Structures are given as structure tokens and as C-alpha cells.
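This structure is a prediction, so every number in the text was calculated from the model and none was measured.
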Amino acid sequence: MNRINLLDQKLANQIAAGEVVERPASIVKELIENSLDAGASKIMIEVEQGGTKLLRIRDDGSGILKQDLTLALHRHATSKIVKLGDLEKIASLGFRGEALASISSVSRVSLMSKVMGDENDTGWKIQSDGNVANASLTPIAHAKGTTIEVRDLFFNTPARRKFLKKEKTEFSKIDEIIKRLALSRFDVHVSLRHNQKVIYNLLPARSELEKQRRLSLLCGSKFIENAIHIEIERPGIKLWGWVGLATFSRSQADLQYFYVNGRTIRDKIVTHAVRQAYRDVLFHGRHPAYVLFLELDPSTVDVNVHPTKHEVRFRESRVVHDFLFGALHKSLSQVTPSDQLERSGSLSELNTAFESKQRVS
């Protein structure tokens, strides 16, 4: 009979990495969420070979203190919660303190950062090759913010590397993550390069015109041509965004983006409410398209349901369901044929206005 042994810290991190790091796109999601939590206004993502060779994410956020760099690579180390009560009102995207530890346990990580305020401190760099215990800290020249390089994913766990797909497939997963995060924060400049080729360079979108332009680039021109903008608020809860007309239904649920307090989620309550709202105007087997944002008190939402943070649990799920259904059903029922005709030429007008604005600026 085998004895019970306490797992080695490195092995424990690699096992935990299986919950957080499924593929390169998982890393991109976690690191961009960290950048947004750090208050970044610009995030630059560079990818090589679908992310298996290199992922580099640079931001202009608040940065990490020298004395915290090593600690950042350890499990359950986070600046976002301190006590149990903090879990009841989480406003940040990340909070579990597992992402960097999991990533550094299955790849070669370089973490570089500089905080604002100390002119004598030019920045610091820490490197780890799958073992935090051997990480080294050195001074460097770095602008305010943080840069993370992740190289050779799963180099020390070849069994997991075999499950990665082809470069094109892995990059498509990254592309989808970037879309979701870029739609969640219109005010942030996001750029993406793959194998030295520029894929996106999304400037901050603050006006309604600029937001629609970003929507057009990420969701396609047909979506913005066939969508209506909604904004409905009740005490303690608000829904806003864009919903596609019933005539713009899809054969699959590939253009559905839903956010709760800025966090992209998949939830059965939400999906059912949306389907019910479209029930009278959508053919069987077709799927609606939408980009929607739900805002409510963080204390009424439990985001600590799954390590990937894709799922949430609403304290009053029936209230949320009925609000979503009512808001969407009313908005869709008020659309008239003349409204649809009016939308048909909107994109060309949008592009013309945007281009004129760009020339003036």
C-alpha cells in the first residue's frame, strides 16, 4: 500500500496549471485581465507560432514593485483580495492568485516591470524556467508598466504539449480572446501581432461613433448594420449594448458576447433569457447575435465558481432573468420595418464619418 506524501511545490503548481492553462489563449486571457486590473490604457500583444513559441504582453499599467516580483510567481499571491469578505464583492477581473504561478510552472517566463514615482528605479526583471525557486532578479531599463514574455509553452510537460492543435487553430483561439477583451473595454488601446504581422491596432473608442467602428472591425460590418443599441436601467441593475435584429440570425452561436461588470461570461440563466426574448421573432435552429453589458452590485454576483472565471452565480437569478428577458423583448418588439431600412445604409455613413474624423485629427 502506497504511503501518503506531500506533493513537491513544483509538481503541485504543474497540476494546478491544468485548471488555468489549457492552451496559449488561456494565458493571453489571464495576462490581459491582469493588465486591465493594473489600470492599463494600452496593451500590446505579440504572438509567435500560435503562442506556443512566444507570447509577449506589454502594458502601461501601475507596474509591480521590486520586492513583489518574486512573490507574484507564487501560488495564491495576489494584490486583489486580503480577507474572506473581499470575495463577496469582487470588482477585479483576476483575484485567485494562480495565473502567474501556473504559467511559470509550464513555460519559460520573463516578468519585467517598473512602477511610477521612483526616478532612481529604472525597472526590474525576473526569469523562471519552470521552477520559481530558481528565479533570478536583475535590474533593467523599462518604461512604466509591465511586460511578460512566455516562451516554449509546456516545454517541461511534453504530454500536455501533444494536445495542442495546429498553429492556425491555436491563434484563432487567441484572436477570439482578444476580441472579447477588446469589446469589454472600449477605452483601452489594444494591438495584436502574429508572426510579426499586425492583426489589430484598436485605438481607444470613447464616442459612440468610435465604439461602433470597433464593433464593425471585431464583429463584422453586417452586425453593426443589423443591430440596435439599447440602454435600460432599473434600480440596482443596468443593461446596455447592441442586439442583432431577428433578420440577422446566425446558424451557430458564434457572435454572442455577454459581460457582467466587465467580465465575459457564459451562463445558462443569461442564455435562456436571451433565447426567450427572441422566441417570437427567431426561426427554430437560428441563433441571435449580440454584444451586451450587464452592470449590477458585485456583492450580488459570485465570480468564484470556476478557476477559469467563465461562469458566475447570481444571488437573485430569477430577478436577473426576468430583467434581461423584459428589456430585450421590449426593445425587439419596438423595431419597425422602417427602422430596419434606416439601418441598411448606416455602415457606409459610419465609415465616411470616421474617416473624415481621422483626417481632421
Side-chain angles (χ1 to χ4, degrees), residues 7-38 40 43-59 61-81 92-115 123-140 142 145-161 163-164 170 173-174 177 307-309:
L7 287 176
D8 173 79
Q9 185 62 43
K10 179 181 177 182
L11 179 58
N13 284 345
Q14 290 177 332
I15 293 172
E19 297 181 329
V20 179
V21 184
E22 179 185 358
R23 59 191 341 137
S26 308
I27 296 176
V28 171
K29 175 183 179 294
E30 295 289 343
L31 296 184
I32 293 181
E33 286 181 348
N34 280 348
S35 295
L36 293 174
D37 284 340
I43 304 174
M44 296 172 285
I45 306 105
E46 294 181 50
V47 180
E48 290 184 14
Q49 295 181 15
T52 57
K53 181 181 179 182
L54 171 68
L55 289 170
R56 181 185 293 115
I57 297 179
R58 182 166 188 161
D59 67 55
S62 57
I64 305 172
L65 292 167
K66 173 190 174 183
Q67 55 267 38
D68 290 345
L69 276 174
T70 303
L71 192 60
L73 298 181
H74 284 77
R75 285 189 73 196
H76 308 307
T78 178
S79 61
K80 298 161 189 176
I81 61 170
S92 58
L93 296 174
F95 58 90
R96 299 174 66 94
E98 295 181 346
L100 287 177
S102 297
I103 294 166
S104 64
S105 70
V106 292
S107 62
R108 295 185 171 93
V109 171
S110 295
L111 176 57
M112 296 152 276
S113 193
K114 180 184 184 302
V115 297
W124 292 88
K125 175 180 180 179
I126 188 169
Q127 289 182 288
S128 171
D129 288 339
N131 191 347
V132 179
N134 298 330
S136 57
L137 188 64
T138 55
I140 59 166
H142 193 279
T146 301
T147 300
I148 302 181
E149 293 182 356
V150 180
R151 297 181 182 272
D152 304 327
L153 181 60
F154 300 139
F155 78 98
N156 55 358
T157 51
R160 294 193 62 194
R161 192 177 181 89
F163 284 91
L164 293 176
E170 293 298 340
K173 301 290 185 181
I174 293 175
I177 291 293
T308 60
K309 306 187 291 293

Atom [atom1] of [X] and atom [atom2] of [Y]: how far apart are they, to the nearest 0.5 Å?
X	Y	atom1	atom2	answer
Leu153	Glu170	CG	CD	8.5 Å
Trp124	Thr70	CH2	OG1	10.5 Å
Leu31	Glu33	CG	CD	9.5 Å
Leu111	Leu73	CG	CG	6.0 Å
Ile148	Asn34	CD1	CG	6.5 Å
Ser104	His74	OG	NE2	9.0 Å

Item to check | Verdict with supporting geometry, His142 and Thr147, side chain to side chain donor-acceptor pair (under 3.5 Å) | outcome: CA-CA 9 Å; His142 193 279; Thr147 300; 2.8 Å; yes
Give a yes or no answer on whether the side chain of [X] reaches the backbone of [Y] with a donor-acceptor pair at less than 3.5 Å.
X	Y	result
Thr146	Ser113	no
Ser26	Val21	no
Asn156	Ser105	yes

Checklist entry - Could you walk me through whether Glu149 and Glu46 pass the side chain to side chain contact (heavy atoms under 4.5 Å, CB included) check? => result CA-CA 9 Å; Glu149 293 182 356; Glu46 294 181 50; over 6 Å; no
Item to check | Residue pair Leu69 / Lys125: nearest heavy atoms and the distance that separates them | outcome: CD1-N, 4.4 Å
Checklist entry - Taking all atoms of both residues into account, what is the closest heavy-atom pair of Ala40 and Asp59, and its distance? => result CB-CB, 3.7 Å
Checklist entry - Below 4.5 Å, heavy atoms only, C-beta onward: do Ile57 and Met44 meet side chain to side chain? => result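 Contact flag for Ile57/Met44 side chains = no.
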Next on the checklist: Taking the side chain as everything from C-beta on, heavy atoms only, tell me whether Val115 gets closer than 4.5 Å to Ser62.
Outcome noted: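 No, every pair of side-chain atoms sits at 4.5 Å or beyond.
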Checklist entry - Given the rule in the side chain to side chain contact (heavy atoms under 4.5 Å, CB included) test, do Ile43 and Leu36 qualify, once you have shown the distances and angles that lead to the verdict? => result CA-CA 9 Å; Ile43 304 174; Leu36 293 174; 3.8 Å; yes
Next on the checklist: Let's go through Gln127 and Val109 carefully: what are the C-alpha distance in whole Å and the side-chain angles of both, what is the deciding distance for side chain to side chain contact (heavy atoms under 4.5 Å, CB included) to 0.1 Å, and is it a yes or a no?
Outcome noted: CA-CA 6 Å; Gln127 289 182 288; Val109 171; over 6 Å; no
Checklist entry - Checking side chain to side chain contact (heavy atoms under 4.5 Å, CB included) for the pair Glu48/Arg151: CA distance, chi angles, key distance, verdict? => result CA-CA 9 Å; Glu48 290 184 14; Arg151 297 181 182 272; 5.6 Å; no
Next on the checklist: Tell me whether the NZ or CZ atom of Arg108 lies within the 45° cone about the ring axis of Phe155 and under 6.0 Å from its centre.
Outcome noted: yes
